[in-house]
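Residue numbering restarts at 1 for every chain, and letters A, B, ... go by the order of the sequence lines. These numbers were taken from a predicted model, which means no experiment stands behind them.
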Protein chains: 2
Amino acid sequence: MSRSNPRVVSVLERAGGFASAQEVYRLMQREGESIGLTTVYRSLQSLVNDKIVDVLRREDGEAIYRLCGGAHHHHLVCKGCGETIEIEGGAIEKWAKTMAEEFGFRDVGHTAEIFGLCPKC
Amino acid sequence: MSRSNPRVVSVLERAGGFASAQEVYRLMQREGESIGLTTVYRSLQSLVNDKIVDVLRREDGEAIYRLCGGAHHHHLVCKGCGETIEIEGGAIEKWAKTMAEEFGFRDVGHTAEIFGLCPKC
DNA sequence: GCACAAATGAAAATGATTTTCATTTCCATA
DNA sequence: TATGGAAATGAAAATCATTTTCATTTGTGC
């Protein structure tokens with residue numbers, strides 16, 4: 001079994017928000033780190049098992065990972081040009097917690113994104 | 001462009017809850033319906049466009065579909081067993097509107113989902 | 001019947017993820 | 001310092017859902 005790889009953690013830290021396995025791999029390549037795609041996948045799985053990393057899914061089904069506990073934010077995405085603005089969740093955090101409690105859910109995370117046309121488009 | 005296929009709708013009705021494209025296909029085969037996998041995918045996409053069908057993702061990334069009332073709602077999804085509860089957005093609707101206005105976005109929609117472990121898992 | 005657009009589906013392509021398997025790296029102990 | 005085995009690694013192949021291609025079929029109005 002492969003161990004949680006500190007180099008992968010480091011990349012996730014620098015990536016800030018979410019990153020897919022493929023993105024982590026590409027980033028490490030670009031930075032001259034020598035690592036195989038297989039190892040990236042195994043490290044991420046291991047990190048998820050250890051609850052160091054959170055996994056969820058993009059709209060297209062690709063798995064995306066982020067460090068747990070790190071401050072998280074949401075996105076305002078332009079349908080026209082793709083510009084993305086990071087925004088605060090505000091009321092959402094409370095909403096998620098309330099809903100989860102109401103239905104007895106534990107170990108809870110959430111996603112929320114807003115999309116529309118930005119002023120330029 | 002392919003049209004929303006009533007035979008696919010019918011299968012989703014009989015399936016009750018969620019079904020993946022592959023499952024819909026297998027079900028139709030088993031029932032002697034002559035249909036191609038490609039057509040199943042196209043029909044489901046079309047149904048999603050028309051907001052007749054809801055799509056979300058299994059833990060493994062496979063897309064699953066089900067008929068939905070059409071009313072705008074959000075999901076509370078169990079990471080363990082996949083059980084899904086439809087919940088009200090409440091504060092989110094206002095949050096999305098506020099954020100969009102703040103940045104001058106028009107024509108705005110949003111997604112929000114909560115995931116965690118349900119009481120049984 | 002005829003032409004033309006839409007629908008269909010088989011097969012190939014795509015892309016993420018997993019598996020296989022041979023090799024390399026670690027590490028404890030002789 | 002050897003050495004033997006366990007864990008880690010990664011290249012390449014396999015898997016599997018989904019999409020694309022493209023040739024054929026179906027339906028509809030004239």
If I take atom [atom1] in residue [X] and atom [atom2] in nucleotide [N], what distance separates them, rounded to the nearest angstrom?
X       : N      : atom1 : atom2 : answer
A:Arg7  : C:dT25 : CZ    : P     : 13 Å
B:Glu62 : D:dT19 : CD    : P     : 12 Å
B:Leu56 : D:dA17 : CG    : P     : 17 Å
B:Met28 : C:dT8  : CE    : C1'   : 13 Å
A:Glu23 : C:dA16 : CD    : C1'   : 12 Å
A:Asp60 : D:dA17 : CG    : C1'   : 12 Å
B:Arg58 : C:dT17 : CZ    : P     : 17 Å
B:Tyr41 : C:dA11 : OH    : C1'   : 15 Å

If we ignore angles and hydrogens, is there a donor and acceptor under 3.5 Å between the side chains of B:Glu62 and B:Ser20?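 Side-chain D/A pair, B:Glu62 to B:Ser20: present.
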
Which of D:dT21, D:dT18, C:dT17 is nearest the side chain of B:Arg42? It is D:dT21

If you check every side-chain atom of A:Arg26, which of D:dT18, D:dA17, C:dA16 has the closest atom?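 Among D:dT18, D:dA17, C:dA16, the one nearest the side chain of A:Arg26 is C:dA16.
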
Can you sort out the partners of [X] under salt bridge (charged side-chain N to carboxylate O under 4.0 Å, His left out), two or more places apart, ordered by chain and number?
X       : value
B:Asp50 : none
A:Glu23 : A:Arg58
A:Glu13 : none

Qualifying residues under side chain to side chain contact (heavy atoms under 4.5 Å, CB included), relative to A:Val55, sequence neighbours excluded: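 Applying side chain to side chain contact (heavy atoms under 4.5 Å, CB included) to A:Val55 gives A:Val48, A:Ala63, A:Tyr65.
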
Specify the residues of residues 31-38 of chain B, ordered by number, for which at least one heavy atom lies under 4.0 angstrom from an atom of DNA chain C.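 Only B:Ser34, B:Ile35, B:Gly36, B:Thr38 qualify.
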
In terms of relative ring orientation, are A:Trp95 and B:His74 parallel, tilted or perpendicular, with 30° and 60° separating the classes? perpendicular

Tell me what B:Gln45 touches on the nucleic acid: a base, only sugar-phosphate, or nothing, going by heavy atoms under 4.0 Å.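 If one applies the 4.0 Å heavy-atom cut-off, B:Gln45 turns out to touch the sugar-phosphate alone, with no base involved.
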
Base, sugar-phosphate, or nothing: which does B:Gln22 touch, judged by heavy atoms less than 4.0 Å apart? base

Let me check something: any side-chain donor-acceptor pairs from residues 30-38 of chain B under 3.5 Å, sequence neighbours excluded? List them with distances.
unit_1, atom_1, unit_2, atom_2, d
B:Glu31, OE1, B:Arg14, NH1, 2.6
B:Glu31, OE2, B:Arg14, NH1, 2.8
B:Glu33, OE1, B:Arg7, NH1, 2.9

